[in-house]
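For reference, the structure is listed below as structure tokens.
Just so it is clear: chains get the letters A, B, ... in the order the sequence lines come, proteins before strands, and each one is counted from 1.
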Protein chains: 2
Amino acid sequence: MQPRAHVTLEDVARAADVSLATASRALNGMRVTPQLRDRVLAAAEKLAYTPNAHARALAGASDRTVGVICHDVTDPYFAAIAGGVMRVAGDNDLLVMLASTFRDPEREIAYVSMLRAERAPAILLIGSGFEDARWERALEAELKPYLDGGGRVAVVSRHRSLKVDSVLPENKAGAAAMARALLDLGHRRFAVLSGPRALTTVADRLGGFREELARAGVALDPADIVEGPFTRDGGYGAMSELLSRGSAATCVFALTDVMAIGACAALRDQGLSVPDDISVAGFDDIPIVRDLTPALTTVALPLQRLGEKAMELALTENNGRRRRLLRMGGEVVLRGSTAKVGS
Amino acid sequence: MQPRAHVTLEDVARAADVSLATASRALNGMRVTPQLRDRVLAAAEKLAYTPNAHARALAGASDRTVGVICHDVTDPYFAAIAGGVMRVAGDNDLLVMLASTFRDPEREIAYVSMLRAERAPAILLIGSGFEDARWERALEAELKPYLDGGGRVAVVSRHRSLKVDSVLPENKAGAAAMARALLDLGHRRFAVLSGPRALTTVADRLGGFREELARAGVALDPADIVEGPFTRDGGYGAMSELLSRGSAATCVFALTDVMAIGACAALRDQGLSVPDDISVAGFDDIPIVRDLTPALTTVALPLQRLGEKAMELALTENNGRRRRLLRMGGEVVLRGSTAKVGS
DNA sequence: GCGCTTACTGAAAGCGCATTCAGGGCCGGT
DNA sequence: ACCGGCCCTGAATGCGCTTTCAGTAAGCGC
């Protein structure tokens with residue numbers, strides 16, 4: 001599995017008839033007599049020499065590859081954020097390696113460990129933390145020495161227990177705003193398509209929504225809250241469950257757009273119309289929801305910007321004392337999937 | 001930028017009062033007296049020791065991180081394929097690092113070079129090659145020594161010039177099948193939303209479509225072929241262009257689903273109905289198109305499977321002689337975005 | 001033309017780890 | 001008890017590269 005018989009710097013040096021040191025300098029653009037430099041470069045070219053990154057890193061050269069870890073690149077939410085990260089990374093001449101954990105804490109730690117072991121200059125974590133606090137602690141233990149060693153870490157949309165620079169979506173305020181918007185449309189009976197309760201994202205969004213409803217004197221029937229995974233099929237299943245329960249809700253609030261998409265599919269499959277029979281709202285404003293029919297009402301998050309900001313945080317020295325914390329987004333965008341009740 | 005002051009194996013060995021060799025062995029699970037092993041493990045734990053991957057790799061340990069390079073993870077097409085790759089990688093206890101080139105050949109080469117330098121056991125390239133043959137050659141030059149060194153390479157949906165294991169979509173046959181299906185619906189005037197001509201994917205799909213049409217005696221007016229980037233906005237722009245030209249086409253074939261989505265948006269913005277006013281068909285069958293309204297007629301590609309197969313190819317020794325080549329998909333899936341003409 | 005600075009070059013050290021090679025306990029056999 | 005053999009340990013080597021450090025040739029002023 002391991003490549004071998006590799007062309008080394010020594011081979012190049014020998015071919016160019018110079019010393020190792022000179023070859024190294026020539027290849028790294030340091031001051032070397034032009035003639036020698038050309039000989040070295042030519043030799044390197046001819047031998048198809050590639051420096052061994054491991055040896056180079058081990059010998060002290062600095063790395064230019066940052067790591068980004070998210071739950072699932074396949075999910076448009078994470079993809080959009082990662083896109084932002086990559087944009088500013090590209091502007092700063094950094095390469096980025098993206099990893100997906102598929103919500104497996106063990107794998108997340110394996111990736112962090114690997115990035116740490118490779119001495120990546122920065123690690124970005126995207127997405128809600130895990131439900132099990134034990135893992136969260138293990139992660140922290142893994143990150144601590146990395147930070148102590150000079151590594152830079154930033155997180156996006158992730159449980160606040162990690163004491164690092166963070167950029168967070170306005171989950172609570174956004175959900176509250178959505179509640180107000182929906183109330184303004186005349187809705188009084190709501191259903192919520194929720195994700196795993198242990199996630200702070202869920203707690204914040206659900207909490208913000210419920211509290212704002214309560215403020216208006218509207219209660220949320222526990223039977224109208226259905227839990228499912230944060231996926232399209234999760235939304236489909238949760239919506240189906242809700243329908244089979246015979247919920248009287250006139251409006252469904254899905255905690256993520258991806259779930260809302262699944263919900264709409266379930267509704268369609270049941271022959272129900274959105275928003276005529278029931279209104280649907282989401283959260284995140286992933287790019288695709290604009291192109292749905294009807295377009296989805298949702299709480300907008302500047303996903304790409306979230307990623308950009310995180311990368312910027314990781315790139316700028318935190319001269320100040322403690323961690324920086326940014327909150328972004330949270331505005332309601334009304335589109336065709338929600339309608340005035342009774343209209 | 002570079003972490004320093006790191007805990008090394010030597011620190012652990014000293015703390016456990018054993019030799020470096022013993023510490024190394026204990027941590028790698030080789031035969032060591034249980035008592036010593038425990039001491040080492042405890043010391044490592046206490047010091048938060050993480051082996052330096054560079055040093056480890058340099059000293060001969062084999063790597064378990066494969067690299068996947070695609071144009072843009074943000075595009076559902078690539079994301080789906082990458083998902084497949086990751087699935088089988090996960091099953092084989094491999095970590096995968098995903099890179100996006102954003103169609104910048106230089107960056108692609110940088111990533112390959114990096115992966116090569118890090119001695120990754122395998123590199124997967126996803127997506128059509130570049131328009132400029134010069135870059136393609138540079139890539140080849142970069143890959144050659146990697147392969148010679150024992151590296152494994154597989155490509156998905158990519159220009160065939162690279163002499164490596166490949167899994168390819170049935171572009172030509174699929175497009176031809178779509179032409180037949182559309183003809184069967186009664187359409188005779190077609191428009192095509194194309195991508196950059198230099199891409200073989202474009203050539204194959206466009207060629208297959210046009211030839212099948214020709215076989216039925218239907219010509220494709222060059223004015224009805226609009227070119228744009230393979231993006232949602234590219235599709236939107238191309239469709240708008242087509243409308244402004246006053247095309248008489250009753251059916252639009254977008255060379256990718258993503259473009260088709262943009263096309264539908266443009267149509268909607270112009271107050272036109274799909275499929276009543278005009279039929280729209282795509283290619284790829286990315287997951288989201290099932291949930292559009294109307295759902296998109298398209299040429300199905302088992303995207304996840306493409307990725308899985310590629311990873312499998314990279315994982316299995318090619319005992320046989322030359323490169324293996326798999327072709328997959330190409331079946332037309334009729335959905336709501338296309339209708340019988342005049343109905 | 002001599003001594004001194006300047007500018008490169010080459011030899012060598014070492015980054016952190018896996019591993020080979022010897023050496024030293026300990027066992028069983030006699 | 002004594003010796004061969006086994007198993008485990010520790011010292012030492014090397015992976016490929018960057019980077020001092022010292023050395024040598026060239027360039028300058030006098």
Side-chain angles (χ1 to χ4, degrees), chain A residues 1-40 43-44 47-64 113-114 116-119 145-146 149-150, chain B residues 1-40 43-44 47-64 113-114 116-119 145-146 149-150:
Chain A
M1 210 61 150
Q2 182 71 355
R4 17 155 94 235
H6 201 62
V7 178
T8 75
L9 183 59
E10 190 180 353
D11 298 326
V12 175
R14 199 178 311 129
D17 194 32
V18 296
S19 76
L20 246 105
T22 304
S24 173
R25 280 187 280 251
L27 291 169
N28 288 314
M30 309 181 71
R31 285 200 69 78
V32 170
T33 306
Q35 184 190 348
L36 286 190
R37 190 172 48 72
D38 291 347
R39 272 204 342 242
V40 172
L47 297 176
Y49 167 73
T50 306
N52 180 322
H54 291 307
R56 172 177 290 196
L58 188 54
S62 70
D63 214 330
R64 305 227 34 102
S113 175
M114 197 209 110
R116 209 183 127 193
E118 293 203 340
R119 303 295 180 271
Y146 176 69
Chain B
M1 210 62 151
Q2 182 71 353
R4 19 158 92 236
H6 201 66
V7 178
T8 76
L9 183 59
E10 189 180 354
D11 298 325
V12 175
R14 197 178 311 129
D17 194 31
V18 297
S19 77
L20 240 114
T22 304
S24 173
R25 279 188 281 252
L27 292 169
N28 288 314
M30 308 182 72
R31 286 200 68 79
V32 169
T33 307
Q35 184 191 348
L36 286 190
R37 191 173 47 71
D38 291 346
R39 277 217 321 257
V40 172
L47 298 175
Y49 167 73
T50 306
N52 180 323
H54 292 307
R56 176 178 288 202
L58 191 54
S62 69
D63 214 329
R64 302 222 44 93
S113 176
M114 197 210 112
R116 208 183 128 192
E118 293 202 341
R119 303 296 180 271
Y146 176 69

Partner set under side-chain contact (heavy atoms from CB on, under 4.5 Å) for A/Ser24, not counting sequence neighbours: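 By the side-chain contact (heavy atoms from CB on, under 4.5 Å) rule, A/Ser24 matches A/Leu9, A/Asn28.
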Residue list, side-chain contact (heavy atoms from CB on, under 4.5 Å) with B/Ser113, at least two apart or on another chain: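 A/Thr50, B/Glu142.
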Can you name the closest pair of heavy atoms from [X] and [Y] and give their distance?
X        : Y       : answer
B/Arg116 : A/Ala48 : NH2-O, 3.0 Å
B/Ala15  : B/Leu47 : CB-CD1, 4.1 Å
B/Ala117 : A/Pro51 : CB-O, 3.3 Å
B/Val7   : B/Tyr49 : O-CD1, 3.5 Å
B/Asp17  : B/Arg39 : O-NH2, 3.3 Å

Nucleotide C/dC8, atom P - distance to CZ of A/Arg39 in whole Å: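 Taking atom P of C/dC8 as the reference, CZ of A/Arg39 is at 16 Å.
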Heavy-atom side-chain proximity of B/His54 to A/Arg56 below 4.5 angstrom: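 They are not in contact (no side-chain heavy atoms under 4.5 Å apart), so the answer is no.
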Separation between OG1 of B/Thr22 and CZ of B/Arg37, rounded to the nearest 0.5 Å: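 The OG1 atom of B/Thr22 sits 13.0 Å away from the CZ atom of B/Arg37.
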From B/Leu58 atom CG to A/Asn52 atom CG, the distance as rounded to the nearest 0.5 Å: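 Going from the CG atom of B/Leu58 to the CG atom of A/Asn52 covers 6.0 Å.
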Exam field: side chain B/Thr8 to backbone B/Glu10, donor-acceptor pair closer than 3.5 Å: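 Yes.
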Segment of DNA chain D, first to last nucleotide, that comes within the 4.0 Å heavy-atom reach of chain A: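 Footprint of chain A along DNA chain D, 5' to 3': D/dG16 to D/dT20.
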Five-pair end axes of the helix from C/dG1-D/dC30 to C/dT30-D/dA1, angle between them (10°):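 It comes to 40° between the two terminal axes.
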Audit row: B/Glu118, A/Glu118, side chain to side chain contact (heavy atoms under 4.5 Å, CB included) steps and yes/no: CA-CA 10 Å; B/Glu118 293 202 341; A/Glu118 293 203 340; 3.4 Å; yes
Between protein and nucleotides 24-27 of chain C, what N or O pairs are separated by less than 3.5 Å?
none

Protein-to-nucleotide contact annotation, 5' to 3' order, nucleotides 14-22 of chain C [B base; S sugar-phosphate only; - none; under 4.0 Å, heavy atom]: BBBBBBB--
